[in-house]
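Values below: all heavy atoms of this structure, side chains included; hydrogens, waters and symmetry mates excluded. It should be emphasised that the depicted structure is a prediction, and the values quoted were computed from it without experimental measurement. Letters A, B, ... mirror the listed sequences (proteins, then strands); counts begin at 1.
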Amino acid sequence: MTTTLPEGAEAGAAICGVVCRIPKGWVATYGQVAAMAGLPRRARLVVYVLQHLDPASVVPWHRVVNAKGEVSYTPSRNGSDGVQRRLLEDEGIVFDGRGRFALERYRWLD
DNA sequence: GTTATGACTTCAC
DNA sequence: CGTGAAGCCATAA
């Protein structure tokens, strides 16, 4: 059938699976998740999936950060402001004075 | 069909 | 180590 559905249907499942595998207290970058999901160069697809995640999805999306070792979460979505950082801190991640953390220290190694 | 945008990545300076 | 530019791919208009 002609899938009028978004291309991310299959990718979304893979991405979800990978993100769900991130251990507590660890983080992964978008590119890393994408690569583990079998989607190299598709970091933006990961972004899209996480942004459009089902409210019923129990995915630790907050453990996914950018390559700079900094939490993202667009300021455009004010209302959820600072939630991600709070969740990561709650998992034992310590941020430095600029809202960043030691990525090399918390990066999830599969 | 094209154009613009985005929770990104990576290299070059 | 900060900034800029190019690359990448899917959605929205």
Side-chain angles (χ1 to χ4, degrees):
Chain A
M1 92 172 187
T2 52
T3 60
T4 47
L5 294 170
E7 190 274 330
E10 195 176 332
I15 292 167
C16 249
V18 172
V19 175
C20 281
R21 277 172 51 196
I22 302 176
K24 176 172 174 280
W26 290 76
V27 296
T29 66
Y30 292 98
Q32 200 183 336
V33 171
M36 288 177 179
L39 303 164
R41 313 310 204 259
R42 282 163 182 87
R44 292 182 113 136
L45 187 50
V46 176
V47 169
Y48 186 83
V49 171
L50 294 180
Q51 192 174 15
H52 284 258
L53 263 181
D54 280 71
S57 299
V58 294
V59 178
W61 55 271
H62 54 263
R63 289 183 193 142
V64 185
V65 295
N66 59 28
K68 295 175 300 208
E70 180 180 54
V71 174
S72 304
Y73 214 89
T74 182
S76 308
R77 299 228 162 218
N78 55 350
S80 328
D81 51 320
V83 171
Q84 184 169 9
R85 174 171 171 171
R86 171 61 196 286
L87 287 166
L88 292 174
E89 290 181 312
D90 206 37
E91 297 196 344
I93 294 179
V94 181
F95 285 77
D96 66 11
R98 266 179 286 172
R100 300 205 320 209
F101 58 92
L103 176 60
E104 290 303 308
R105 183 180 157 161
Y106 295 111
R107 188 180 260 188
W108 172 42
L109 307 175
D110 184 29

Heavy-atom contacts under 4.0 Å between residues 17-36 of chain A and DNA chain B, which residues?
A/T29, A/Y30, A/G31
Set of ring pair (Phe, Tyr, Trp, His ring centres under 6.0 Å) partners for A/Y106, sequence neighbours left out:
A/F101
Is A/R107 atom CZ crowded by more than 12 heavy atoms from other residues, nucleotides or ligands, each under 6.0 Å away?
yes
Provide, to the nearest angstrom, the distance between the CG atom belonging to A/L45 and the P atom belonging to B/dA7.
14 Å
From CZ of A/R42 over to C1' of B/dT10, roughly how many Å is that when rounded to an integer?
16 Å
A/R41 CZ to B/dC8 P: how many Å, rounded?
18 Å
note: A/L88, atom CG; B/dA7, atom P; distance rounded to Å ~ 18 Å
Nucleotide nearest A/Y48 when distance is taken to its side chain, options C/dA12, B/dA7, C/dC9
C/dA12
Which nucleotide sits closest to the side chain of A/Y73: B/dA7, B/dT9, C/dG7?
B/dA7
Write down the distance between CZ (A/R44) and C1' (B/dA4), rounded to a whole number of angstrom.
11 Å
Starting from A/W26, can I reach A/V46 by hopping between I/L/V/M/F/W/Y residues whose side chains sit under 4.5 Å apart?
yes
Closest heavy-atom contact between A/A14 and A/A37?
CB-O, 3.7 Å
Shortest non-hydrogen pair, A/C16 vs A/V59, comes out as SG-CG2, 3.4 Å
Given atom CD1 of A/I15 and atom C1' of C/dC9, what is their separation to the nearest angstrom?
11 Å
Whole-Å distance separating the CG atom of A/N66 from the C1' atom of B/dT10:
13 Å
A/L39 has an atom CG; how far is it from atom P of B/dT9, in whole Å?
14 Å
same_hphob_cluster(A/L39, A/V19) at 4.5 Å side-chain heavy-atom cutoff:
yes
Only distances under 3.5 Å count here; give the side-chain donor-acceptor pairs of residues 60-70 of chain A to other protein atoms, sequence neighbours excluded, each with its distance to 0.1 Å.
| unit_1 | atom_1 | unit_2 | atom_2 | d |
| --- | --- | --- | --- | --- |
| A/H62 | NE2 | A/E91 | OE2 | 3.3 |
| A/R63 | NE | A/E91 | OE1 | 2.8 |
| A/R63 | NE | A/E91 | OE2 | 3.2 |
| A/R63 | NH1 | A/I22 | O | 2.8 |
| A/R63 | NH2 | A/E91 | OE2 | 2.7 |
| A/N66 | OD1 | A/K68 | N | 3.2 |
| A/N66 | OD1 | A/E70 | N | 3.1 |
| A/N66 | ND2 | A/E70 | O | 3.3 |
| A/N66 | ND2 | A/S72 | OG | 3.3 |

Where the side chain of A/A67 is concerned, which of C/dA12, C/dG2, B/dT10 is the nearest nucleotide?
B/dT10
Any side-chain N or O of A/R100 less than 4.0 Å from the OP1 or OP2 oxygen of C/dG2?
yes
Any side-chain N or O of A/R98 below 4.0 angstrom from OP1/OP2 of C/dG2?
yes
Give the nucleotide from the list C/dC9, B/dA7, C/dT11 with an atom nearest to the side chain of A/L50.
B/dA7
